[in-house]
Structure formats: C-alpha cells, structure tokens
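Sequential numbering from 1 along the given sequence is applied to the chain's residues.
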Amino acid sequence: MNNFGLDIWSNKNFVIEDGQIKLNYKSMPSLLQIVEDIRSDNVRGPILLRFPHLIKRQIKTLYSYFDKAIQNNDYKGSFNAVFPLKVNQFPFAIEAVTSEGAKFNYGLEAGSKAELILAMSKTPAGANITVNGFKDKEMITLGFIAAQSGHNITLIIEGLGELKTIVEVAQESSLKVPNIGIRIRLHSTGSGTWAKSGGMDAKFGLTSTEIIEAIALLRKASLLNSLSMIHFHIGSQMSDIAPLKKALREAGNIYAELRMMGATELNSINIGGGLAVEYDQHTHSKARNYSIDEFSSSVVFLLGEIMDAKNVKHPNIFTESGRFIVASHAVLITPVLELFTQDYQEKLLRFKSKNPPLIEELIELNELLNNTNCIEYLHDALDHMESLLTLFDLGYIDLQDRSNAEILVHNIIKKALYLKSSNPTDELEQLQVKLQERYLINASVFQSLPDYWGLNQHFPVMPLHHLNTIPLRAASLWDITCDSDGEIGFNPDKPLYLHDVNLDEEDYFLGFFNVGAYQETLGMNHNLFTHPNEYTIEIDENSYKIKNAVESKNILDILDSLGYDIDIVSNRLKNDLSCSDFITKKEKNDTLAKLELFLKQNGYLRTTN
Ligand SMILES: *Cc1c(COP(=O)(O)O)cnc(C)c1O
C-alpha cells in the first residue's frame, strides 16, 4: 500500500487509519476532521495547522538523548539548548517553545536586534540567551541591558571589531557585562545544501590568529573572565555526521588550548544547529545518515575524549538546533481546486450492447491487468489503440467507440504505471510524464514553501483521505500564482501519485508536512498572497481544541502594508461602481455590498473548494 513515505518522514507523528491520516497522539483526530471543522466556519483557501505537542516532543527528545549520552559517557559538563529564533518567530510557535522550554531551562538564540528584543521578552527566567550575527554598538549595548536585567546572556562575537565595541561599552558604563563567546572559523566545512557557514572562507568567525588577539584584548581590558563560550555552526540540515565530528575535534582542541592560555572561566562549547530533518518520501534518497541518538552520543563522547586527553575540564554543551525542534509542528493544508485532465474517467465509458471486438479485448485487458502481465497487456492495449484509430479513420467504428477506447487505454496505462512504479521501464517513464495529472492547489508556493522555490527543498506531501485506495495518477502540483515557478513538477525519480477524484462531488485536500521551520518568515507575498489562515490544535484524551486563529490578511490590509492609502483605493472602486448605470437600485446596492465584502477577504480562491 502506498503510504507516501510516512514511515520515512513522519517520525511516528502521524498514522494512516480508516483511509485517513491521523495525529498519532491521545484522541488521534484525523487531519480531515480538523480541516472540515475549521471550514464549517466558512473558511476557504490554504490552512496552516500548528501542533504544539510536536514541538514539545522534539524538545523532550533533544534533552533526553543528550542526558542519556552524558550518563553513558560519564561526562562531567551539562547540556544546554537554545532555540534559534530565525527558524520560526511566529508567536504561537514561540509560545509552545517557551512553555515547554521552561521545564528544561531551554533558552532562545537571537541573530538580530529585533530577535534579541523578542528573546529578552520571551526567554523563560534563568534560561540562556545566545546572540549571533553581526552586531553594532547599539546591539551590544542591548546585550548589556539584557545582562543588567538579569538575563543569562552570551554575546558571541563574529569578529575582533565586535569585541573592541564590547570593551568600549564595558568601559563607558557600569552595566553588568554579558558573557562573551567567540565564534571560531572552522578549518573543516559542513555538508548539506546550507553548508556555507563553515570553512576558511566562511562568512563568520575568528581565525586562530584572531582568537589569540581576542584573548590578549580581553586580558588587557580585564574582561578575560567574561569569556565563557566558544561557538561554531557548520550549516543547516547536515546530511552527514562526519563534518560535525571534524568540527568538534577542532573546536574541542581550541577550547582546551584557550583554557590552558588562562581563560579560566571558559566553560562551554556551543555546537550551533544543523541537526537534520527527514523530508524525503522515498527510501533511496533519504536526507541524513545519522539519528539523534548517534548525534548526541558522538558529540558527548568526542568532547569527553578530547578533554581527557588534554586533561581539561569537560565543557558544558550548548546546541542551537532549530529545524529539528519546529519543522514537524506545522502542516500546510491545501484544497485541490481542479484536475486538469479529467476527461478520461472510467465512469464516462458508454458501452454498447455490442462493442467492436477490439474494444471487448480492451475491456478484458483492463480487468485482468496485474503485476506479472502488465507490460504485455500494456503493449497489447497500445497496439489495439493504433488499430482502433485506423478503424475510426476508415469509418468502421464511431466516435463513441473511439472515446471508450481512449478511456480504457488511458486506464490501462495508468494501472501499468502504478504497478511498475518502483521499477519502471524507459517506455513507462515516457508515458508517465505524458500522462501526468495536474492538480491545482489553492496556495502559493512562494508564500508557504519558499525553500521549494529557492532551494528545491522537497516537503512531504500526501492527501488527507482516500488512503484506502491506490492512487494512480502521476501528479504535478500547480499553485494559484500566475508564475510558472509555482509548480511542483512530477519527478519520475521520486514519483508522487494522487487519486482520481471528482471535485464536483467531493473535496480533495493535500497536506504538506514538516513545514514548521524557516518557511513562514521566508515566505513572500508574490502576487500578494499572504500568510494562510493559521490555527493551533491542542489535542487531549477525548477531543481537540482549535485555538489562536490568525486570519490571512485581507486585501485592503495587504495594499496598506505596501504603502497604499486604502481609503483612496476603496473609495475609487466604490465611486466608479456607483456612477455606473444600474437598471434597479437593488442590484446596485447588492453589487456595492459584494465589492465591500471582497475587499475584506483574503486573496486566496473561494470556489466551493
Ligand atoms: C541558523 C542557525 C542555527 C539553526 O540551525 P538549524 O539547522 O535550524 O538547527 C543555529 N545557530 C546559528 C548560529 C545559526 O545561524
């Protein structure tokens, strides 16, 4: 049975039951049920669902694996984690992070002034704040203000200039000095699409010469005892663990050297983020070659080993994994608005009491096609089709026969494609591309899956229902932007099959999974489609609650955010309409009311789907 790779990407967060995908948690609601609940309130268009229990699960997982590794390795340092805000700054994601985080002393990481302000207002009391990224004097002063306000904050410097500014601020004020961290410029590089953060040519970090200089500078300013952390980040979505191990050796040795050089308060190594999430739906192309178990044991074991060899105190370990914490918590649900080639449905077959012999044969082929005979039957069908077309040209069969033949042959090809989908022949692959169905989805790839557009990042996608039925249509997905890049094409190497549904009779919904990391803030308002309606779903033993509704921006608000005067816009529209000729006053008023309503809705399509 096609389970859309659920066992690969879902980490047991979802299960298929009764033909639907359900949350594998407590009362186990189905996604379809939740979506129908929301839509019963006249909500249309794409919906983003947040599941806070999945964020909590990841936080617990992260801490428990590191705790286990620390015990197993008799490691003497502590484990600490912060959530990097750039991965998802939306309030109801952060609320889940900080409410669960408070139990673990889980802090926040900031990479800009705005994120630092957010971190200062949201970090659970006593938890850590780390600050990365380029900083000016104002941002550094903000770090001092955070320390003065009681935050456990570490400013991680990206260059010597920042360190000089820290010394300056410390000398100019009596504010509490924050902890200082040094980002090291790794000799080794990461792996994965985003591995631009490490290496000698990296954008960030201090070289060994600069580190030595930094120590001298701190010593001279009597701030060496504020140096508490060294940091590296080898890039997001590490596909392979080997580069991390190299980086750990490098960082571990730098740490040991600095301790021996007199940095006696240096007590932590921050290994950044990068812990990968599995997005793939096919076994042959999995995105990572390690588990959280291996990741945590490797980090703890290696650091212990390096320190023991140099007889240096075990450092506290910090991680800044973000993608791993929040990717799974958000699901984007998109209604399908249209299937573009629905003309070959079996129900459109209209047989005669006596069909031409070749049609009878096609009927039989269609019925008896199976895994062992399908290539042979497919060839027979293609052959018959050729003959039937010739017979039609010669006037021996009529248009109804021809239509029946086309539907039957299409169906035979579809079945053969599916039966051989794990091992298609060249011929089948060509047929597959020709016969794919285009599903129009009520969403914008640019807004909701920007990494697909920008980085070709695949996100797991599957229907929410019909999961008892084998999907037979090779599918490509089109979004509703009028941009040809807003398409998720059919990839014969990683095929997606969807169901043949009649949208006049029923809705068909697709879910895009693991969209909780990076997509929301990176999303762009191309064609002025904004963030979809979002909801937080809290599941308990008996049922679930739909909370924290945030509606998609309405059309006037979108124009307002671009800087248009929306009064001028709406008055112009209303005046133009009012001044036009209507036969009845009623129609005029009704039309004006309609216009008013349209301006107050979001820009997604509101057909019955
Ligand atoms: C982006 C970033 C992270 C988060 O990386 P993930 O791959 O999401 O875990 C952590 N630390 C720093 C410094 C970053 O720039």
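Distance check: L431 CG to I413 CD1 gives 5.0 Å after rounding to the nearest 0.5 Å. In this structure, L496 CG and S476 OG are separated by 9.0 Å, a value rounded to the nearest 0.5 Å. With rounding to the nearest 0.5 Å, the separation of CG in N514 from NE2 in H458 is 10.0 Å. The line from CG of N442 to CG of L337 is 4.0 Å long, rounded to the nearest 0.5 Å.
Heavy-atom neighbours of E294 CD from other residues, nucleotides or ligands within 6.0 Å: above the threshold of 12. For D426, the CG atom sits in a loose shell: 12 or fewer heavy atoms of surrounding residues, nucleotides or ligands are nearer than 6.0 Å.
Without hydrogens or angle criteria, H466 side chain to D500 main chain gives no donor-acceptor distance under 3.5 Å. Side-chain atoms of N602 never come within 3.5 Å of backbone atoms of K553 as a donor-acceptor pair (strictly under, hydrogens ignored). Formation of a donor-acceptor pair under 3.5 Å by the N366 side chain with backbone atoms of L408 is not found in this model. Looking at N525, its side chain never comes within 3.5 Å of a backbone N or O of T530 through a donor-acceptor pair. Looking only at distances, a side-chain donor or acceptor of Q519 sits under 3.5 Å from a matching main-chain atom of D451. Distance alone, capped at 3.5 Å, places no donor-acceptor pair between the N24 side chain and the V15 backbone. One N or O on the side chain of S64 and one on the backbone of T61 form a donor-acceptor pair closer than 3.5 Å. Checked by atom type and distance alone, the side chain of S296 pairs as donor or acceptor with a backbone atom of D293 at under 3.5 Å. Listed for the Y604 side chain is no donor-acceptor partner under 3.5 Å among the backbone atoms of I480. When atom types are taken as modelled, the side chain of H384 and the backbone of L362 share no donor-acceptor pair closer than 3.5 angstrom.
Legend: residues meeting salt bridge (Lys or Arg N to Asp or Glu O under 4.0 Å) with D41, ordered by chain and number and at least two apart, are absent. Residues satisfying the ring-ring contact (aromatic ring centres under 6.0 Å, His included) test with F104, not counting sequence neighbours, are Y63. Remark: E115 engages no residue in a salt bridge (Lys or Arg N to Asp or Glu O under 4.0 Å) (not counting sequence neighbours). Applying the side chain to side chain contact (heavy atoms under 4.5 Å, CB included) rule to I546 yields the partners D37, I38, Y535, I537, Y544; only residues at least two apart in sequence or on another chain are considered. For S297, there are no side-chain hydrogen bond (donor to acceptor under 3.5 Å, both in side chains) partners two or more places apart in sequence or in a different chain. Residues forming a salt bridge (Lys or Arg N to Asp or Glu O under 4.0 Å) with K545 (at least two apart in sequence, or on another chain): D540. Residues passing the side-chain hydrogen bond (donor to acceptor under 3.5 Å, both in side chains) test with K103 are E100, sequence neighbours excluded. For the side chain to side chain contact (heavy atoms under 4.5 Å, CB included) test, residues two or more places apart in sequence or in another chain that qualify with N554 are L556, D557. Not counting sequence neighbours, the partners of E364 by the side chain to side chain contact (heavy atoms under 4.5 Å, CB included) test are L368. Judged as a side-chain hydrogen bond (donor to acceptor under 3.5 Å, both in side chains), and not counting sequence neighbours, N11 has no contacts. Under the rule for a side-chain hydrogen bond (donor to acceptor under 3.5 Å, both in side chains), D383 has no partner lying at least two apart in sequence or in another chain. Residues that satisfy the side chain to side chain contact (heavy atoms under 4.5 Å, CB included) test with N371, not counting sequence neighbours, are L419, K420.
Taking the six-membered ring where tryptophan is involved, the planes of Y497 and F490 are perpendicular, since the angle between them exceeds 60° and thus also 30°.
The ring-ring contact (aromatic ring centres under 6.0 Å, His included) with F513 is formed by just one residue from the set W9, F459, F51, Y279; it is W9.
At a threshold of 4.5 Å between non-hydrogen side-chain atoms, the residues T319 and V299 do not count as touching. Between W453 and H526, every side-chain heavy-atom pair lies at or beyond the 4.5 Å cut-off. Residues F90 and V550 fail the side-chain proximity criterion, which asks for heavy atoms closer than 4.5 Å.
The heavy-atom pair separating Y439 from A475 by the smallest distance is CE1-CB, 3.5 Å. Counting all heavy atoms, side chain and backbone alike, H329 lies closest to L54 at CA-CB, 4.0 Å. Pairing each heavy atom of P46 with each of P532, the nearest pair is O-CB, 3.5 Å. When all heavy atoms are compared, the tightest approach of A96 to I55 is CB-CD1, 3.8 Å. Scanning all heavy atoms of the two residues, the minimum distance from P243 to I234 falls at C-CD1, 4.0 Å. Closest heavy-atom contact between P450 and F446: CB-O, 3.7 Å.
H233 and E109 form no side-chain donor-acceptor contact under 3.5 Å, judged by distance and modelled atom types alone. Looking at E506 and H465, their side chains never bring a donor and an acceptor atom within 3.5 Å of each other. Side-chain atoms of N548 and E95 include no donor-acceptor pair closer than 3.5 Å. Side chains of S543 and S27: a donor-acceptor N/O pair is absent below 3.5 angstrom, by distance only. Of the N and O atoms on the side chains of D479 and T481, at least one donor lies less than 3.5 Å from an acceptor on the other residue. Side-chain contact annotation: S328 with Q58, donor-acceptor N/O pair under 3.5 Å absent.
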Go through the steps to decide whether R50 and E520 satisfy the test salt bridge (charged side-chain N to carboxylate O under 4.0 Å, His left out), and finish with yes or no.
CA-CA 12 Å; R50 293 189 200 285; E520 293 179 60; 2.6 Å; yes

